[in-house]
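Letters go in sequence order (proteins before strands), and every chain restarts at 1.
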Amino acid sequence: MSKFIDRVIKIVRKVPYGKVVSYGQVSLMAGVPRAALQIGWVLHIAGENGATPWRRVINNAGRISTKCLEHTANHQQKLLEKEGVEVKNNLKIDIERYRWKPDIKTLKKLELNQDYIFGILDKYGV
DNA sequence: GCTATGACAAGGA
DNA sequence: CTCCTTGCCATAG
């Protein structure tokens, strides 16, 4: 298990019920700002053990973009609606309305330096 | 160690 | 708003 994968999984597990985050946001919090693409890969693995809420991760455009045959977009949509997240036609979601905005206290537990944390808060913070 | 791949992001058309 | 192009980076071969 690489540090990267471990971190991503931990972060995704912090996402509250009924909230969503973007791939880019997760990668940023994981310490690698532009590894959004890899998040999907990690979730594919994490999804195996059902303990990780991969359903709450969508792309920044507010759209469900999974291509995985076992975890279809349609299936994800259903799971999200079950949590109270409104999914409009074509797998679209008002992400800014449901986005999880981590507080500084949570970010401090991620082994990141101060400046970096403020950078995250500046973009997604409350 | 090098190349190909992908559940992305951001900016332009 | 939607579609296309380019940039990015961890993994798998």
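- Backbone-only engagement by A/S2 is indicated by non-hydrogen atom pairs under 4.0 Å involving sugar-phosphate atoms exclusively.
- When distances run from any side-chain atom of A/W54 to the nucleotides C/dC9, B/dC8, B/dA7, the shortest one goes to B/dA7.
- Across all strands, A/K123 comes closer than 4.0 Å only to sugar-phosphate atoms, never to a base (heavy-atom distances).
- Out of B/dA7, C/dC9, B/dC8, the shortest distance to the side chain of A/C68 is found at B/dA7.
- Among the heavy atoms of the strands lying under 4.0 Å from A/I5 are primed sugar atoms or P, OP1, OP2 only; no base atom is included.
- Put simply, the residue from A/V126, A/L107, A/I117 that forms a side-chain contact (heavy atoms from CB on, under 4.5 Å) with A/P102 is A/L107.
- Picking from B/dA7, C/dC9, B/dA9 the nucleotide with the shortest atom distance to the side chain of A/A35 gives C/dC9.
- Aromatic ring pairs are classed by plane angle as parallel below 30°, tilted from 30° to 60° and perpendicular above 60°; the pair A/H71 and A/H44 is perpendicular.
- At a cut-off of 3.5 Å, with distance as the only test, no side-chain donor of A/Q77 or A/R55 sits close to an acceptor on the other residue.
- Per the geometry, CG belonging to A/N90 stands 13 Å off P belonging to C/dC1, to the nearest Å.
- Looking at heavy-atom distances under 4.0 Å, A/F4 makes contact with sugar-phosphate atoms alone, never a base.
- For the pair A/L37 CG and B/dA7 C1', the interatomic distance rounds to 9 Å; values are reported in whole Å.
- When the P atom of B/dA7 is taken as reference, atom CD1 of A/I39 falls 13 Å away, rounded to whole Å.
- Whole-Å rounding puts the A/L43 CG to B/dA7 C1' distance at 7 Å.
- Taking atom CD1 of A/I64 as the reference point, atom P of B/dC8 lies 12 Å away to the nearest angstrom.
- As a whole-Å value, the separation of A/L80 CG from B/dA7 P is 18 Å.
- The separation between A/L28 atom CG and B/dA10 atom C1' is 15 Å, rounded to whole Å.
- Residue A/S65 has a polar side-chain atom (N or O) positioned under 4.0 Å from OP1 or OP2 of B/dC8.
- Residue contacts for A/K3: at a heavy-atom cut-off of 4.0 Å it reaches no nucleic acid atom on any strand shown.
- Remark: A/N60 is in phosphate contact with B/dA10, judged by side-chain N or O atoms under 4.0 Å from OP1 or OP2.
- Ion pairing of A/E81 with A/K78 is absent here, as no side-chain N (NZ or NE/NH1/NH2) approaches a carboxylate O to less than 4.0 Å.
- Candidate nucleotides C/dC3, B/dA7, B/dA9 were compared by shortest atom distance to the side chain of A/R63, and C/dC3 ranks first.
- Using a distance-only test at 3.5 Å, with no hydrogens or angles considered, a donor-acceptor pair links the side chain of A/T66 to the main chain of A/C68.
- For A/W41, the listed nucleotide lying nearest its side chain is C/dA12; candidates were B/dA7, C/dC9, C/dA12.
- Rounding to whole angstrom units, CG of residue A/L91 and C1' of C/dT2 are separated by 15 Å.
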